[in-house]
Amino acid sequence: MISRRRALGGLAATAAMAGTGSGSSMAVGADRSVIVIGAGIAGLTAARMLHRSGIDVVVLEASGRIGGRIRTDRSMGIPLEAGAGWIHGPDGNPLSRLVTATGSETFVTDDDSLEVRTADGSIVPGQEVEATEDRLQDIIDAVDAVAEPGAGLADVIHDVAPGALDQPLLRWMGSAFTEFDQGGPLHLLSASDFDEGAEFDGADVIVNGGYDRLLDPLRRGLDIAFRTPVDAIRLLPGGAGVEVRAGDRTWRARQVVCTVPLGILKQGRIGFEPPLPDGHRSAIARMGMGNVTRIALRFAAPFWPVGTQYFGIVTDPPGRWCWFMNARTFSSRNILIAISVGSYPAIAEAMTDEEMTADVMQVLRGAFGSAVPEPLQIMATRWSREPHALGAYSFSHRDSSMDDWHMLAKPIGVALHLAGEHTSWRHRGTTHGALLSGRHVARRILDQLAR
Ligand SMILES: Cc1cc2nc3c(=O)[nH]c(=O)nc-3n(C[C@H](O)[C@H](O)[C@H](O)COP(=O)(O)OP(=O)(O)OC[C@H]3O[C@@H](n4cnc5c(N)ncnc54)[C@H](O)[C@@H]3O)c2cc1C
């Protein structure tokens, strides 16, 4: 599992894809109707399934576009992913059906095409990288054997392998593989649960034309009210349905599906009346919302080996621009995508674009030499500051357990359903987890409405 999603990534972006919705403002009443909050892949999937079954459904979306944490930026002349970048394990993955449906082409990324450098530019021999990976895997196996619920991964690693995390290459791997994959820092990850979950088979792929294209079939025919940030959900007494408010506008329906990200729920951005049950509230409080920061840099000419898929740089502090994806492997553009993980996104995302660029350039010049020129163009992501995301994806926090994800997947009364990646324990933090959660909730609602 440690290297399962080590290439998890995408790119930086600043521009939002402008949405074009119907802008419904008063879809009131309507028996058998459903409100879906959020036009990410979970919300679109649920809404599309309901719509296709003849259910009157409206989607309320806070931003001006669909996709949520799927966002493709084209300002550098090629599709670059600000959010989800990979289809993890395409075999049997529901995203692969969307690839087919949209006639998209994919590119298989090669996790083994990796060059690791020290911060001062020495190339770490491949055998040393492999030996360290084996050592990390042994440590993870030892952690799995002893970890109790409630323990943090870094603490348990310290117990089973004292001093291991002081070794720069091993600590780098903890960031580049584990923190990147999981979305949270080692000291906060649950030692007992962090690597639990399910995967599909097959080497990870990226979508040549852009991940956002995969959403086209899902949005077809949907009534989406953009720029509609929901602030209250009220369950009407006696099972009479729900009332959803966004500013001074109100919608009523029999059922509501709320797919806003965990970060939004944690911040209490939506008021629930009556309040969410204790079990849901404590699960939301315990679960981790992680972050990953990207900055894409376009250069006039490559100063790196153009055939190598990934570069790892053993930076300090851990997680600081520790992973670079080389866009020359799938395009003709001289673009490197720098990624920071673990505790570093909190530092990186407080920086201005200029500061972030200078920070990455310091790392690149250390690793590739002082002659590395300034980039021509950059794009930076700051998911923790995106008002409708507040983070990248959920992670198994040391205070949480899989029961928390399962709890969020349970309906609240007969009318309120949560969906989204944070309700899928087996596939948390992924697009397919989000899609499957939307499908699951739509099926449940269809069953209920059929009764
Ligand atoms: C940097 C990054 C890299 C990633 N890499 C990968 C990857 O390579 N592969 C992979 O499978 N997954 C990846 N993921 C995870 C994946 O993107 C998410 O798991 C998935 O897109 C979540 O979908 P969702 O529908 O649950 O939530 P979202 O996509 O977040 O959709 C929720 C929607 O709700 C809207 N909303 C929020 N608040 C309100 C409100 N009050 N009222 C109305 N609407 C509201 C939001 O605007 C958003 O459109 C990555 C994510 C990030 C951020």
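Order of listing sets the numbers, starting from 1, for every ligand and every atom in it. We're numbering straight along the sequence, starting at 1. Model, not experiment: these values are computed from the prediction.
Listed by number with element, the atoms of ligand 1 under 4.0 Å from a non-hydrogen atom of G420 are 26 (O). Less than 4.0 angstrom separates some heavy atom of G68 from each of these atoms of ligand 1: 29 (O), 48 (C), 49 (O). Of all atoms in ligand 1, listed by their number and element, those nearer than 4.0 Å to a heavy atom of L60 are 43 (C), 44 (N). Set against the non-hydrogen atoms of G429, the atoms of ligand 1 under 4.0 Å away are 12 (N), 13 (C), 14 (N), 15 (C), 19 (O). Within ligand 1, counting atoms from 1 as listed, the ones closer than 4.0 Å to a heavy atom of G40 are 25 (O), 29 (O), 31 (O), 33 (C), 49 (O). Residue contact check: P261 has heavy atoms under 4.0 Å from atoms 30 (O), 32 (C), 37 (C) of ligand 1. Residue T259 has at least one heavy-atom neighbour below 4.0 Å for each of these atoms of ligand 1: 32 (C). Per-residue contacts place I70 under 4.0 angstrom from the following atoms of ligand 1 (heavy atoms of the residue considered): 21 (O).
Remark: D212 engages R74 in a salt bridge, criterion side-chain N to carboxylate O under 4.0 Å. Checked for salt-bridge contact, R286 and D404 meet the test: a charged N lies under 4.0 Å from a carboxylate O. Ion pairing between a basic and an acidic side chain is recognised when a charged N comes within 4.0 Å of a carboxylate O; R69 and E421 show such pairing. E349 has no carboxylate O lying under 4.0 Å from a charged side-chain N of R382, or vice versa, which leaves the two without a salt bridge. Salt-bridge annotation for R428 and E196: absent, with no side-chain N of the basic residue lying under 4.0 Å from a carboxylate O of the acidic one.
In terms of polar-atom proximity, E421 is counted as a contact of ligand 1, with an N or O under 3.5 Å from an N or O of the ligand. Ligand 1 has no N or O atom lying under 3.5 Å from any N or O atom of A82, backbone or side chain. Here's the thing with V292: none of its N/O atoms is less than 3.5 angstrom from an N/O atom of ligand 1. When only interatomic distances are considered, the shortest N/O to N/O separation between G85 and ligand 1 falls below 3.5 Å. Among the atoms of V230, some N or O lies under 3.5 angstrom from an N or O of ligand 1. Considering backbone and side-chain N/O atoms, H422 never comes within less than 3.5 Å of an N/O atom of ligand 1.
Closest heavy-atom approach to atom 5 (N) of ligand 1 among the candidates A42, A84, P229: A84. Summarising the contacts of atom 19 (O) of ligand 1 with T381, I233, T430, the nearest heavy atom is found in T430. Residue nearest to atom 47 (O) of ligand 1, selected from E61, H427, R227: E61 (by heavy-atom distance). The option with the heavy atom closest to atom 39 (C) of ligand 1, from among D181, V260, T228, is V260.
R117 meets the side chain to side chain donor-acceptor pair (under 3.5 Å) test with E115; sequence neighbours excluded.
Within the 4.0 Å heavy-atom shell around ligand 1 one does not find A389. At least one heavy atom of H88 sits under 4.0 Å from some atom of ligand 1. Under a 4.0 Å heavy-atom criterion, R428 is not in contact with ligand 1. Between G67 and ligand 1 there is a heavy-atom distance shorter than 4.0 Å.
In this structure, R328 fails the cation-pi test against W304, since its NZ or CZ atom is not both closer than 6.0 Å to the six-membered ring centre and inside 45 degrees of the ring normal.
Counting heavy atoms of neighbouring residues, nucleotides and ligands inside a 6.0 Å radius, atom CZ of R281 exceeds 12 of them.
Centroid-to-centroid, the aromatic rings of W172 and F177 come within less than 6.0 Å. Less than 6.0 angstrom separates the ring centroid of H427 from the ring centroid of F200.
Taking 4.5 Å as the limit, some side-chain heavy atom of I55 sits within range of a side-chain heavy atom of L449.
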Q) Where do R320 and D359 land on the salt bridge (Lys or Arg N to Asp or Glu O under 4.0 Å) test, with the steps shown first? A) CA-CA 9 Å; R320 176 188 177 206; D359 196 41; 2.8 Å; yes
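Listed by first and then second residue, the salt bridge (Lys or Arg N to Asp or Glu O under 4.0 Å) pairs involving residues 259-274 amount to none (not counting sequence neighbours).
Residue contacts with ligand 1, taken as heavy atom pairs separated by less than 4.0 Å, involve W383 solely via side-chain atoms from C-beta onward. Residue L95 does not touch ligand 1, judged by heavy-atom distances below 4.0 Å. If you look at R294 next to ligand 1, the close heavy atoms, those under 4.0 Å, all belong to the side chain.
Taking each heavy atom of E386 and R71 in turn, the nearest pair found is OE2-NH1, 3.0 Å.
Using the six-membered ring where Trp is involved, Y344 and W321 have ring planes that are perpendicular, over 60° apart on the 30 and 60° scheme.
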